[in-house]
Amino acid sequence: MSSPKRVARWRLGLVGSFALASLVAILAIGVAITVVTTDQVVRTQELDAQFHARFVANSVLRLELRRFDLSKPLEGRDYRRLDDFVRERILLDPVVRLKLWGLDGTVLYSDEPRLVGRHFEGEPDAADGEGAQSEVTNLAEEENAFERRLATKLFSTYVPFYFDPSSPGKPQAVVELYQDYGSIQARADELLTDRLIALGIGLILLYVLLLPIVVRASHRLRRQNEQLAEQARRLQEQAERLESHLAIEQASSAELRRVNQMKSDFVAVASHELRSPLTAILGYVKTLRRPEFEGNPTARAEFLAAIERQGDRLFRLVTNVLTASQVENQDASLEITTFDLGSVAEEVREGFHESGTRIHVQVPKDLPAIESDRVRVGEIIANLLDNALKYSRDESAVELGALAEGDTVRFWVLDRGVGIEPEDLERIFDRFYQTDQSTTRRFGGVGLGLHLVRQLASALGGRVDVESAPRKGSTFTVTLPLRSPSRAKRAVGRPSNGQDSVAGIVQTADAPAEAGSR
């Protein structure tokens with residue numbers, strides 16, 4: 001049980017906290033109201049100053065200006081006559097200066113004679129006749145050079161002037177009146193002081209009335225707060241345990257859903273891509289077995305070529321799947337040899353058969369030999385060329401170029417096809433990702449080609465970059481070291497003849513099996 005002294009200290013703390021919080025809140029309210037009120041009061045005084053300027057221009061100055069020709073600056077007797085009138089009737093506190101503007105920005109009259117006849121670009125405001133316009137004068141402007149000595153801060157109002165206010169159209173001139181902003185600020189401060197005194201008294205009374213209510217309520221709230229604090233502590237412990245379990249479950253569920261979706265997508269796409277060439281092969285085989293084709297060597301040759309293309313398509317798809325699995329599981333060894341990149345490029349191009357004529361190889365003859373895995377480099381080139389051919393028009397050319405830079409070699413594949421949307425550039429190298437995920441998509445493949453390119457380039461110590469614009473084409477650039485950073489043992493089961501290995505990874509371009517993830 002709490003001692004009386006402890007209870008007293010607790011109650012004093014509650015009351016003191018309320019008193020302090022209430023005081024801070026009331027002061028904050030007072031400051032906020034002061035800021036808002038200050039702006040409103042100043043704005044009101046500026047509107048009063050604008051009204052005064054309109055009154056002077058429309059009621060006092062109009063009758064006098066009817067006697068003068070406002071098509072040119074006033075001079076001589078006309079100037080002195082109007083100047084005497086202005087100094088006697090208009091230049092009264094708070095008005096300190098008057099300018100009469102022509103619509104072309106020429107000063108027709110001013111009580112400062114050095115301004116008369118001068119032209120200023122961009123002046124005057126209100127020349128369109130839409131009404132009076134006011135602003136705090138920018139004394140740094142050239143047209144206000146003679147006003148800087150009149151006051152530290154001026155308020156100017158432009159009033160369109162009409163000989164006949166009822167006639168529409170542009171005004172005959174624009175009257176600009178300068179008023180000392182100090183008088184405007186003084187009136188605003190006086191009005192603001194009265195409002196703040198009333199506000200302060202009201203807030204003090206509110207504070208005094210609220211304080212006894214809190215003192216009476218503090219004793220009742222003490223016990224409730226102690227009970228609630230204990231309940232909150234127990235609930236917080238339970239919530240933390242539940243939150244921890246929930247976070248683990250959510251992460252596991254999200255990962256399972258992602259993996260399951262990837263599996264479903266891959267199975268659906270792979271089954272479609274496998275079924276298409278198999279269906280074609282079976283169709284050609286059954287056709288060849290028909291009696292009418294036994295004595296037709298031309299048809300048999302054509303059908304056998306089609307069967308070969310579809311077989312190459314299946315081989316390419318299976319090769320990509322197996323290679324991707326080996327690279328990601330780090331099961332694939334690298335067979336490092338020294339070879340000529342140009343010869344690899346030519347071998348890959350020849351493997352595309354009829355579509356190879358669209359591939360323009362531009363590899364310099366003096367390009368240094370590369371120390372790397374010849375087959376893996378060939379797979380990279382083949383996938384990039386297959387991707388470029390697939391996403392380009394049938395008659396469009398694809399360029400394969402290379403360049404040595406220091407200790408690295410860069411080779412690129414450029415096409416002028418459909419291009420890649422900016423939001424897809426970061427995802428095209430993801431496994432199984434395709435920009436068009438529908439089963440009726442225009443381009444085939446299971447989304448492994450570009451993913452495999454990135455994995456193989458990384459395994460060889462390099463990288464792949466892409467530049468693309470929608471409907472303008474894409475350029476994929478692979479950067480590899482000229483000398484492999486490490487040599488691995490020959491892979492078990494890998495062909496010893498590097499040329500045969502490169503040729504074996506390319507399918508025919510007439511029926512591409514796998515062309516990246518776009």
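Under the 30°/60° scheme for interplanar angles, the aromatic rings of Y109 and Y79 are found to be tilted.
Remark: the backbone N or O of G102 is not paired with any side-chain donor or acceptor of T106 at under 3.5 angstrom. A donor-acceptor contact shorter than 3.5 Å links the side chain of T193 to the backbone of D189. No side-chain donor-acceptor contact under 3.5 Å links S244 to the backbone of R241. With hydrogens and angles ignored, the 3.5 Å screen pairs no side-chain donor or acceptor of R89 with any backbone N or O of V60. Judged by distance alone, with hydrogens and angles left aside, the side-chain atoms of R393 form no donor-acceptor pair with the main-chain N or O of G417 at under 3.5 Å. With H451 contributing its side chain and D430 its backbone, the two residues share no donor-acceptor pair below 3.5 Å. No side-chain donor-acceptor contact under 3.5 Å links D415 to the backbone of V398. Looking at N144, its side chain does come within 3.5 Å of a backbone N or O of N138 through a donor-acceptor pair. No donor-acceptor pair under 3.5 Å is formed between the side chain of R471 and the backbone N or O of V418. Between the side chain of H119 and the backbone N or O of D104, at least one donor-acceptor pair lies under 3.5 Å.
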Query raised in the report: Where do L150 and D180 land on the side-chain contact (heavy atoms from CB on, under 4.5 Å) test, with the steps shown first?
Result: CA-CA 8 Å; L150 298 178; D180 186 353; over 6 Å; no

Report task. For E147 and S156, run side-chain contact (heavy atoms from CB on, under 4.5 Å): C-alpha distance rounded to whole Å, both residues' side-chain angles, the deciding distance at 0.1 Å, then the answer. Result -> CA-CA 11 Å; E147 282 72 49; S156 60; over 6 Å; no

Query raised in the report: Are F146 and E112 close enough, and set up right, to give a side-chain contact (heavy atoms from CB on, under 4.5 Å), and what steps lead you there?
Result: CA-CA 8 Å; F146 295 101; E112 171 53 62; 3.9 Å; yes

Requested in this report: In sequence, state the C-alpha distance, the side-chain angles, and the governing distance for L103 and K170, and then conclude on side-chain contact (heavy atoms from CB on, under 4.5 Å).
Outcome: CA-CA 9 Å; L103 300 185; K170 289 190 175 182; 4.2 Å; yes

Requested in this report: Under the salt bridge (charged side-chain N to carboxylate O under 4.0 Å, His left out) rule, what do K472 and E467 come out as? Steps first, then yes or no, please.
Outcome: CA-CA 11 Å; K472 293 184 178 180; E467 296 181 0; over 6 Å; no

Query raised in the report: How far apart are the C-alpha atoms of R416 and E399, what are their side-chain angles, what is the distance that settles it, and do they pass the salt bridge (charged side-chain N to carboxylate O under 4.0 Å, His left out) test?
Result: CA-CA 9 Å; R416 298 172 180 84; E399 298 178 8; 2.9 Å; yes

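Residues L384 and V478 form a side-chain contact, since some pair of their non-hydrogen atoms from C-beta on lies under 4.5 Å apart. Contact annotation: the side chain of V95 approaches that of H52 to within less than 4.5 Å [non-hydrogen atoms, C-beta and beyond]. Looking at heavy atoms from C-beta onward, V136 lies out of side-chain contact with L154 at the 4.5 angstrom threshold. Considering only heavy atoms from C-beta on, F476 stays 4.5 Å or farther from D465 through its side chain. Side-chain contact check for I381 versus F411: some heavy-atom pair is nearer than 4.5 Å. With contacts defined as side-chain heavy-atom distances shorter than 4.5 Å, the pair L177/V56 qualifies. For the pair L82 and L65, the minimum side-chain heavy-atom distance is below 4.5 Å. When side chains are defined from C-beta on, P73 does not count as touching V107, because their heavy atoms never get closer than 4.5 Å.
Between S468 and I420, the closest heavy-atom pair is OG-N, 2.8 Å. The shortest non-hydrogen separation linking L480 to A457 is CD2-O, 4.0 Å. Between S110 and D83 the shortest heavy-atom distance is O-OD1, 4.5 Å. For the pair L115 and K99, the tightest heavy-atom approach, listed with the atom from each and the gap, is CD1-CE, 3.5 Å. The two residues P364 and A402 have their closest heavy-atom pair at CD-O, 3.3 Å. The shortest heavy-atom contact between L61 and A57 is CB-O, 3.7 Å.
Here CZ of R454 is found 9.5 Å from CD1 of I428. Values are rounded to the nearest 0.5 Å. Going from atom CD of Q362 over to atom CG of L414 covers 9.5 Å, rounded to the nearest 0.5 Å. Here the CD1 atom belonging to I380 is positioned 8.0 Å from the CG atom belonging to L452, to the nearest 0.5 angstrom. For the atom pair CZ of R410 and OG1 of T479, the computed distance is 6.0 Å after rounding to the nearest 0.5 Å. Note that CZ of R427 is 14.0 Å distant from CD of E421, once rounded to the nearest 0.5 Å. A distance of 7.5 Å separates CG in L205 from CD1 in I201, rounded to the nearest 0.5 Å.
Ring centers of F155 and Y178: at least 6.0 Å apart, outside the cut-off.
Open room surrounds CZ on R43; 12 or fewer heavy atoms of other groups in view lie less than 6.0 Å from it. Surrounding CD of E141 are more than 12 heavy atoms belonging to other residues, nucleotides or ligands, all under 6.0 Å away. Atom CZ of R77 has 12 or fewer heavy atoms from other residues, nucleotides or ligands within 6.0 Å. Under a cut-off of 6.0 angstrom, the local environment of CD in E142 is sparse, with at most 12 non-hydrogen atoms contributed by other residues, nucleotides or ligands.
Contact check on R234 versus E237 returns no salt bridge, with no Lys/Arg side-chain nitrogen under 4.0 Å from an Asp/Glu carboxylate oxygen.
Between the side chains of R257 and S253, at least one donor-acceptor pair of N or O atoms lies under 3.5 Å. The closest side-chain donor-acceptor pair between N58 and R54, if any, does not fall under 3.5 angstrom. For the residue pair T157 and Q50, no side-chain donor N or O sits within less than 3.5 Å of a side-chain acceptor on the partner. Side-chain contact check for E176 and Y158: at least one donor-acceptor pair (N or O, by modelled atom type) lies under 3.5 Å.
For E88, there are no salt bridge (Lys or Arg N to Asp or Glu O under 4.0 Å) partners two or more places apart in sequence or in a different chain.
Here the options are R233, E240, Q238, the test is side chain to side chain donor-acceptor pair (under 3.5 Å), and the partner is Q236; only E240 passes.
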